[in-house]
Amino acid sequence: MSVSSSPVASVVEAHGLTKRYGRTMALDGLDLEVRRGEVFALLGANGAGKTTAVKIFLGLTSPTGGEARVLGLPLGDPLARRRVGYLPELFRYQGWLSGREVLRLHAELAGLPRERWSREIDAALALTDLRERADGRVSTFSKGMQQRLGLAVALLGRPELVILDEPSTALDPLGRHELRGTIRGLRDDGATVLLNSHQLSEVEQVCDRVAIIHRGRLLAVGALAELLSPGGVRLRATGMGDQATDGLSRFGELEQDGAWLVIRGAREEQIPAIVELVMHGGARVYGVELLHPSLEDRFRQLLEDA
Amino acid sequence: MGNVPGTWTVVRVTLREGLRRRLLLALGGLSLVAVLITAWGYAQLPNLPAGSSGPLTTPQIQLLASQLLILVMFMFGFVLALAAVFAAAPSVAGELESGEMLAVLARPVPRRSILIGKWLALAIVVVVYAVVATSLEYLAVGTTTGYLPPHPLDASLYLAGEGLVILALTMALSTRLSPVTAGIVAMLCFGLAWLGGVVGGIGSAFADPVTAQLGTVTRLLLPTDGLWRGAIFSLEPSAVVLAGNSAGPQFAAFPFYASAPPSLAYLGWSAAWVVGTLALAVVSFGRRDL
């Protein structure tokens with residue numbers, strides 16, 4: 001199925017998407033573009049509108065305003081749905097079926113040709129490491145195994161677009177590590193992955209581009225490297241005079257963070273010079289730390305600005 | 001309906017759910033117990049203490065059996081309605097609440113296929129149950145007393161129709177209400193429709209047109225009671241109908257008596273009611289944001 005499509009550059013495209021539930025604006029004019037072959041993350045706090053956006057892309061919820069296309073097709077188009085795999089945030093599968101039977105049901109509903117069912121099901125089970133338990137009843141699965149099954153359902157038939165809504169909530173650290181490997185593998189196979197997450201570490205480790213959304217609006221979007229806050233050095237000292245502060249500003253932009261003074265952009269090799277300058281001014285130094293570039297800082301900063 | 005993609009997939013998986021969750025086993029097993037108990041009851045009829053006019057004659061036993069059979073069938077109709085409500089109320093709302101349906105609805109299958117597939121599967125259960133359980137009951141009454149109702153198959157089908165009506169109603173409610181609420185509302189409607197029919201009968205008996213009208217209105221709003229009356233009529237020996245009709249309108253007040261079968265127009269209305277309610281359910285489900 002992955003070759004049957006016309007190669008549109010944008011796999012998901014949304015313009016001014018709004019969704020209102022009564023008085024609540026779940027989405028407030030969201031613009032978004034997910035490009036073919038990338039791992040794209042929607043990053044935001046709980047309630048930011050990530051799940052609503054994904055449900056609109058899948059045709060499960062209709063937008064109040066704006067427009068969107070998935071795989072170049074209108075929202076909810078069955079032809080697009082054939083080529084999309086989806087792991088919902090709230091996942092649960094028929095407990096009275098076996099894992100393999102759940103996959104067979106989805107193979108049938110997805111319209112996969114019957115002769116490919118068993119091969120595709122085995123492939124999805126292998127990818128999610130569920131082969132040994134595939135014939136057990138889903139009701140006997142742990143939460144983590146159910147999430148793996150959900151992932152297998154989403155990957156069934158090698159869809160062009162895989163939408164994963166908070167895919168690691170029930171996974172243990174090893175499971176998360178494997179999930180990251182699976183996502184990278186999907187990208188290597190040419191699939192596009194749209195990942196919803198509020199876990200920065202997850203996003204940082206696998207995503208090519210990130211959109212940060214807050215209260216239904218896009219705050220920032222870009223390649224991970226563009227979005228990361230610059231690193232720096234932070235320093236905790238007392239008795240620092242204006243002269244010392246002025247001197248530090250040539251190493252980078254200064255920010256006060258509680259008891260710490262952050263020098264944005266300062267590098268590791270500058271630390272001795274920084275400490276020397278501060279001590280020379282008569283201050284007492286209690287701590288010096290190197291800050292790595294991080295998404296978390298940028299994320300916090302964007303939310304504070306918003 | 002059948003050519004909508006995914007419908008038969010949903011029918012199959014819903015039936016398998018009924019089997020695996022032992023719904024069908026419980027329904028079948030307990031009904032069998034009920035049939036055996038009633039069979040024992042029918043067999044006791046000849047042993048009733050003799051009255052002033054001597055022991056009961058065979059026609060008297062059969063008359064008693066015919067009235068008892070109507071009561072037993074009322075019980076089966078109630079069980080059928082209850083089972084239909086219990087099975088249908090969570091079928092949409094419950095799966096939406098649990099999240100089971102999200103992954104399914106993201107597939108290239110129209111929502112109407114899912115809804116109609118579920119209804120069809122439960123409709124198969126309702127019809128098969130109605131026919132099998134009532135046939136066993138006829139067998140029980142026939143072998144113990146020699147009595148057979150005049151139109152047994154009609155009575156079974158009327159009961160099945162009653163089940164299909166309540167199934168469609170519950171399914172429609174289930175597209176918007178929580179499983180518990182949908183179930184309670186459906187059962188309440190079922191009860192009210194029966195009560196409306198009884199009150200209407202009293203109205204006819206006392207020639208009060210407004211009260212009599214109430215029965216007609218409730219039978220139109222929810223055709224369960226109208227179809228139940230059809231079942232009663234099919235189970236009544238002609239002697240009872242003759243006696244009832246010659247006894248005058250007062251007999252209409254008796255809730256387990258029907259003087260005439262439902263008209264063809266009424267049966268048409270009932271069928272249209274089911275189709276219309278399902279169509280409403282499809283529209284309601286189709287518009288719902290998940």
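So you know, we letter chains A, B, ... as the sequences are listed, proteins then strands, and number each from 1.
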message: I'd like to know if the side chain of B/R111 reaches the main chain of A/L60, judged simply by a donor and an acceptor atom lying under 3.5 Å from each other, with no hydrogens or angles considered.
response: yes

> Would the number of heavy atoms belonging to other residues, nucleotides or ligands and lying under 6.0 Å from CZ of A/R217 be above 12?
Replying inline: no

Worksheet item: If only atom types and distance count, is the side chain of B/T9 paired as donor or acceptor with the main-chain N or O of A/L109 below 3.5 Å?
Response: no

To the nearest 0.5 Å, atom CG of B/L102 lies from atom CG of A/D165 at 9.5 Å

Between B/R107 and the options A/V153, A/V84, A/L105, the side-chain contact (heavy atoms from CB on, under 4.5 Å) test singles out A/V153

If one checks every heavy atom of A/I163 against chain B at 4.5 Å, the contacting part turns out to be neither

Of all heavy-atom pairs linking B/A103 and A/Y86, the shortest is CA-CD2, 4.5 Å

Across all chains, not counting sequence neighbours, the side-chain contact (heavy atoms from CB on, under 4.5 Å) partners of A/S197 are A/E166, A/Q199, A/E202, A/V203

Discussion item. Set out, in order, the CA-CA distance, both residues' side-chain angles and the distance that settles side-chain contact (heavy atoms from CB on, under 4.5 Å) for B/E17 and A/L97, then state yes or no.
Written reply: CA-CA 8 Å; B/E17 180 180 8; A/L97 291 177; over 6 Å; no

B/P108 and A/P78 have their tightest heavy-atom pair at CB-O, 3.4 Å

Salt bridge or not between B/D289 and A/K19? Use side-chain N to carboxylate O under 4.0 Å. yes

Donor-acceptor check, side chain of B/R20 to backbone of A/W96, threshold 3.5 angstrom: yes or no?
yes

**Q.** B/R12 CZ: over 12 foreign heavy atoms closer than 6.0 Å
**A.** yes

Between the OG atom in B/S98 and the CZ atom in A/F91, the distance rounded to the nearest 0.5 Å is 12.0 Å

CZ of A/R92 to CD of B/E95, rounded to nearest 0.5 Å, is 9.0 Å

Whether over 12 other heavy atoms sit under 6.0 Å from B/F74 CZ = yes

On a heavy-atom basis, the closest approach of B/V104 and A/H106 is N-CE1, 3.9 Å

Checklist line | Exam field: side chain A/R81 to backbone B/L105, donor-acceptor pair closer than 3.5 Å | finding: yes

Honestly, the part of A/E108 sitting under 4.5 Å from a heavy atom of chain B is side chain

Look at atom CD of B/E97 and say whether more than 12 heavy atoms of other residues, nucleotides or ligands are closer to it than 6.0 Å.
-> yes

- Message: More than 12 heavy atoms of other residues, nucleotides or ligands under 6.0 Å from CD of A/E115: yes or no?
- Response: yes

**Prompt:** So does A/R187 have more than 12 non-hydrogen atoms from other groups sitting under 6.0 Å from CZ?
**Reply:** yes

Whatever's closer than 4.5 Å to a heavy atom in chain B on A/E89 counts as neither

